[in-house]
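Notes to accompany the following structure.
What you see below is based on every heavy atom in this structure, not just the backbone, and it leaves out hydrogens, waters and symmetry mates. Sequence positions, counted from 1, serve as the residue numbers for this chain.
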Amino acid sequence: MAEQDLARDGGATLAELLARTGKASDKEVFTIRELTREFGLTARALRFYEEKGLLAPKRQGQDRLYSRRDRSRLRLVLMGKWVGFSLEEVKAMLDLYDLGDGGVTQMKVARTKYREQVGRLAAQRRDIDTAMNELQRAIAVIDERLAAIGASASSD
């Protein structure tokens, strides 16, 4: 799926994404090719984000021209996806910027959402730790039973 282009196993890490895109650009307009190269995405991914209302490039004939605002939004979309937010959640937070209050509402809502996500991730980590411990215990029981009947446990 297009939204998974920035995969942990093949794409940029969050730190790399921040380092690559954190520098302010003097440019006002970016082509699809420039953004795909900068963010390590496919053109299909950018079109997907456009379809979801996250980006709004201008059209010049067949070409899509992305603004600095689109570039910033794309960076925030990718960071949000990286830490586990849905595209809908990211869009809702991004759209709060347009309220005209200097981003105060957006920052407060984002802070609340971030704290909630930290809680969800901590719970997931506990669940994963529990599952791993159970699997380790099950492996030990199986190894004991195999040893008791004289079978080798090393077939994996």
Side-chain angles (χ1 to χ4, degrees), residues 1-139 156:
M1 175 174 269
E3 64 183 287
Q4 294 175 340
D5 279 342
L6 189 70
R8 288 176 183 88
D9 56 351
T13 65
L14 181 57
E16 291 167 343
L17 176 66
L18 289 170
R20 262 201 318 239
T21 62
K23 302 172 196 81
S25 175
D26 294 336
K27 292 185 68 159
E28 294 293 324
V29 177
F30 303 86
T31 65
I32 198 166
R33 176 171 284 149
E34 289 171 323
L35 291 184
T36 58
R37 196 171 318 147
E38 179 179 359
F39 289 96
L41 299 170
T42 64
R44 180 174 166 238
L46 286 178
R47 290 189 302 271
F48 176 79
Y49 293 137
E50 181 182 346
E51 289 170 19
K52 295 295 183 184
L54 294 158
L55 305 174
K58 302 279 188 267
R59 296 294 186 113
Q60 191 174 54
Q62 292 288 341
D63 296 332
R64 286 174 167 84
L65 300 176
Y66 296 87
S67 66
R68 289 173 69 160
R69 182 174 192 261
D70 287 320
R71 180 180 175 269
S72 295
R73 285 177 67 96
L74 178 58
R75 180 173 177 244
L76 293 171
V77 165
L78 296 175
M79 289 177 4
K81 289 295 297 168
W82 189 258
V83 297
F85 288 111
S86 71
L87 288 180
E88 293 77 21
E89 290 172 311
V90 171
K91 184 176 184 327
M93 285 186 278
L94 289 174
D95 289 348
L96 291 173
Y97 183 77
D98 298 326
L99 292 179
D101 65 354
V104 171
T105 301
Q106 182 188 40
M107 286 186 279
K108 286 181 177 181
V109 168
R111 189 174 91 207
T112 298
K113 294 264 186 206
Y114 293 177
R115 285 185 173 159
E116 290 169 359
Q117 185 66 2
V118 166
R120 278 193 293 273
L121 291 172
Q124 286 177 354
R125 181 175 28 197
R126 285 189 302 273
D127 292 345
I128 290 169
D129 289 343
T130 299
M132 289 179 65
N133 288 334
E134 289 300 316
L135 287 168
Q136 292 295 342
R137 284 201 297 250
I139 290 168
D156 49 335

Looking at residues at least two apart in the chain, or sitting in another chain, which of them share a side-chain hydrogen bond (donor to acceptor under 3.5 Å, both in side chains) with [X]?
X      : answer
Arg69  : Asp98
Thr105 : Asp101
Arg33  : none
Gln124 : none

By salt bridge (charged side-chain N to carboxylate O under 4.0 Å, His left out) - contacts of [X] (at least two apart):
X      : answer
Arg120 : Glu89
Arg126 : none
Asp63  : none

Rounded to the nearest 0.5 Å, what separates atom [atom1] in [X] from atom [atom2] in [Y]?
X      : Y      : atom1 : atom2 : value
Asn133 : Ile128 : CG    : CD1   : 12.0 Å
Thr31  : Arg37  : OG1   : CZ    : 7.0 Å
Phe39  : Leu78  : CZ    : CG    : 6.5 Å
Leu54  : Lys81  : CG    : NZ    : 10.0 Å
Leu96  : Lys91  : CG    : NZ    : 10.0 Å
Leu87  : Lys52  : CG    : NZ    : 7.0 Å

* Apply the test side chain to side chain contact (heavy atoms under 4.5 Å, CB included) to residues Gln106 and Asp95: give CA-CA distance (whole Å), side-chain angles for both, the deciding distance (0.1 Å), then the verdict. => CA-CA 8 Å; Gln106 182 188 40; Asp95 289 348; over 6 Å; no
* To do: For Tyr66, check side chain to side chain contact (heavy atoms under 4.5 Å, CB included) against everything at least two apart and list the hits.
  => Phe30, Ile32, Leu35, Leu46, Glu50, Leu55, Pro57, Arg64, Asp70
* Please answer whether the main-chain N or O of Arg68 pairs with a side-chain N or O of Glu28 as donor and acceptor at a distance below 3.5 Å. => no
* Sub-3.5 Å donor-acceptor pair from the side chain of Gln60 to the main-chain atoms of Leu65, do we have one? -> no
* Between Lys27 and Glu34, is any pair of side-chain heavy atoms under 4.5 Å apart? -> yes
* Asked: So, do Met93 and Thr112 sit near enough that their side-chain heavy atoms are less than 4.5 Å apart?
  -> no
* **Over all atoms of both residues, closest heavy-atom pair of Val90 and Leu76** => CG1-O, 4.3 Å
* Scan residues 104-117 for pairs that pass salt bridge (Lys or Arg N to Asp or Glu O under 4.0 Å), counting only residues two or more places apart or in two chains. => none
* To do: Answer yes or no: are there more than 12 heavy-atom neighbours, outside Arg125 itself, under 6.0 Å from its atom CZ?
  => no
* Asked: Residues two or more places apart in sequence or in another chain: which of them pass ring pair (Phe, Tyr, Trp, His ring centres under 6.0 Å) with Phe85?
  -> Tyr114
